[in-house]
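Reminder, nothing fancy here: chain letters follow the sequence lines and each chain counts from 1.
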Amino acid sequence: MGIPTRLLFCCLLCWNLFAATAQTSSGLRLNKKQQALALLNQTTLTASTFWQNVNPELFLANLKRNAEQPVFLYAGRNTNFCGYAAVGYILLEQDPLGYVQFMLNLYKHGEATYASVRYKPTAAVRKTAGTILYEGELDRNDADQVFFFTLADHYKGYLNLLHLNYKRDRELGLWAATNLSKFNRMLRAMMQTEIRCIGYDLVRVKQKHLVDSLQKKLLHGDVFLYLNNSILRKKNHNKVKKHIPTHYVVLKSISEENGVITLTYWDAGFTTLRQIDQKALNSLLFGISWSVRNR
Amino acid sequence: MASAGVYGTDNMAKQLSILLIAAALLAGCRAGRQFPGNYYFQHEQAIIAIEKQYAQLTSKRLISLGFTDGAFRHVLTEMKTDSIRYVYEFNLSDPSFADTLTKYGYNAATCMSLLQNMKAIKCTWINKLDYYTDKEAKLLTFMSIRNNVRTSPFSPEKYFILTFYQQPQYYDENGVLLDRRNLRRARKINNEIFYRINEKVCYTVSAKFR
């Protein structure tokens, strides 16, 4: 057998192994999703003593919808829950059964463990979950409220230092804010996989061949972008703009043609396809976090 | 004495320049002239026509439309399907814009006419928003009109926001829009308090157009 034939044989073997792993992983996910839905179908809930304002029927319905269609996980219109939503979305995609078990335990016992981390939300957030108003669909997504409040209460970064304890409406402010390092900590804890990151809270990502680099990262696992949402989702026409990152999204695909970049990303409740130019991509991107699950 | 005098003059000049800079900055930061309370009534016919045209356009599927620039040349469109939201920016005169609208199943002629009508009254954004009453989903129409009168190029933009409901709403004695469930609680849309224009239309002035 000549060297080229051996090389070809090795490539085919690697490809088969990769395809088999991907198939097994996708099959496992499907199986976990079915198990999660079966568990929810067997479950009946009564009013919780820990979550006084959470409606058990809405809670269960929300869990079921999340397990069936993670894409609709919604962080609300004005809250700072986008980072927690990005983590929740990946958790639902990768481990719906684990998510459902965690949420049910949290509801029944007021505390729960996921991936060896114990989450015990304080009384203030337990009292508030279920009472969110005027945030669109989040108003009736009681399970999402429980999940976001629990993560926001548990994980703290330097942005939260001045507002460590929850008070009414603090989900709209710095209490719920997520800096890049805190976001990565959450990803590592919830995803139980290696997370790598480039970028800072105040300095934009400067990288040559950014689109190619993001495409390569997508081949290995999930990619999260930390970005300035006022560029991606303009809300005013002011000439003076804040140059700070404010939002997390999960990148699904990226391509470039004739200088136009087409991004598909999950953005708290929607999968969005958006076309921007290279200059806009460079100016909005502050951080890239990615998992190396499929290596 | 002389040196003290020179020092005094220099000091005064410094203080004066600091005061002037501070005044200039304050003027720059001040919001532009607010919308008059009767703005809606001055443009009622045009506003109602736009709302009706938009309702017709979105009867089968949702679309959000707006302008991203001050000259009202660049259109931002968000087209929603069951699985994905497509966001595109076009030049209003670009023929590929109408083609794209048709491709996604919208009536391009109605859409172009709506955008021209929006441009005429400086309406910068229109979309449908979901809101919840007793955990039940409902839709309202959200319309933003840009304030042209600004005191300086650096003063923040202000938008006259109108919300249109399908059902009559509840208000307090000051005209504040109330939540149906609790008649004393103000209902917020995009974290803003709204005020009565009539039983189905409310307004507010906001720093954000959406």
Side-chain angles (χ1 to χ4, degrees), chain A residues 54-55 57-59 61-62 69-72 74 76-80 130-142 145 169 171-173 229-242 249 252-253 260 262-277 280, chain B residues 28-29 66-72 74 76 78-90 100 122 124-125 129-137 139 142 144 146-147 150 152-159 177 179 181-182 185-194 206-210:
Chain A
V54 172
N55 179 322
E57 284 166 16
L58 288 175
F59 184 84
N62 189 190
Q69 292 172 306
V71 69
F72 294 126
Y74 185 58
R77 224 165 257 147
N78 309 290
T79 67
N80 278 340
T131 64
I132 291 276
L133 282 172
Y134 319 126
E135 290 295 339
E137 205 190 325
L138 187 61
D139 289 13
R140 66 172 178 190
N141 289 351
D142 285 17
Q145 293 187 34
D169 290 338
E171 65 276 11
L172 308 175
N229 207 31
S230 66
I231 296 173
L232 200 60
R233 195 169 161 78
K234 199 172 177 177
K235 288 186 176 179
N236 61 49
H237 299 89
N238 290 343
K239 298 242 174 351
V240 182
K241 294 205 179 295
K242 290 175 191 163
V249 300
K252 307 293 279 184
S253 70
V260 178
T262 306
L263 287 165
T264 310
Y265 55 92
W266 180 84
D267 179 14
F270 299 98
T271 301
T272 302
L273 184 145
R274 179 90 158 94
Q275 290 189 322
I276 53 172
D277 57 23
Chain B
C29 295
F67 292 92
T68 54
D69 61 330
F72 288 78
H74 296 284
L76 178 72
E78 291 186 2
M79 293 173 277
K80 284 178 189 165
T81 66
D82 290 341
S83 57
I84 202 159
R85 171 173 62 182
Y86 297 90
V87 184
Y88 294 111
E89 272 187 66
F90 287 95
T100 307
K122 309 284 180 202
T124 197
W125 181 255
L129 273 186
D130 56 339
Y131 71 101
Y132 291 78
T133 304
D134 297 331
K135 310 280 182 186
E136 190 192 329
L139 281 177
F142 186 95
S144 308
R146 198 170 173 194
N147 187 2
R150 295 169 75 194
S152 93
F154 299 107
S155 63
E157 294 269 359
K158 288 283 169 189
Y159 304 92
L177 175 69
D179 191 323
R181 278 165 293 183
N182 178 347
R185 186 168 59 206
R187 171 182 288 282
K188 288 184 181 177
I189 310 287
N190 273 359
N191 212 23
E192 304 270 8
I193 290 175
F194 276 74
S206 172
K208 292 182 282 188
F209 67 76
R210 63 170 165 175

Salt bridge between B:Asp69 and A:Lys234, side-chain N to carboxylate O under 4.0 Å? no

Return the minimal non-hydrogen interatomic distance between B:Asp82 and A:Phe72, and the atom names on each side. O-CZ, 3.9 Å

Any heavy-atom pair between the side chains of B:Glu192 and A:Asn78 that's under 4.5 Å? no

Okay, A:Leu58 and chain B: the region with an atom under 4.5 Å from a heavy atom over there is side chain

Heavy-atom proximity to chain A below 4.5 Å, by part of B:Ile189: neither

Which answer fits B:Ser144, side chain, backbone, both or neither, if we ask what part of it has an atom under 4.5 Å from a heavy atom of chain A? neither

Residues which pass ring pair (Phe, Tyr, Trp, His ring centres under 6.0 Å) with B:Tyr86, listed by chain and number, not counting sequence neighbours: B:Tyr104

For A:Glu137, is it the side chain, the backbone, both, or neither that has a heavy atom closer than 4.5 Å to a heavy atom of chain B? both

Is it the case that atom CD in A:Glu57 sees more than 12 heavy atoms from other parts of the structure closer than 6.0 Å? no

Below 4.5 Å, heavy atoms only, C-beta onward: do B:Tyr132 and A:Leu133 meet side chain to side chain? no

Has A:Asn238 got a side-chain atom pairing as donor or acceptor with B:Glu157's backbone, closer than 3.5 angstrom? yes

By a 4.5 Å heavy-atom criterion (distance strictly below it), what part of A:Asp142 contacts chain B: side chain, backbone, both, or neither? side chain

Pairwise side-chain contact, A:Arg77 with B:Lys188, heavy-atom cut-off 4.5 Å (strictly under): no

List for me each residue that meets ring pair (Phe, Tyr, Trp, His ring centres under 6.0 Å) alongside B:Phe209, sequence neighbours excluded, and say none if there are none. A:His237, B:Trp125, B:Tyr159

As an exercise, state the distance from CG of B:Asp134 to CZ of A:Arg140, rounded to the nearest 0.5 Å. 12.0 Å

Do B:Val87 and A:Leu232 have side-chain heavy atoms sitting under 4.5 Å apart? no

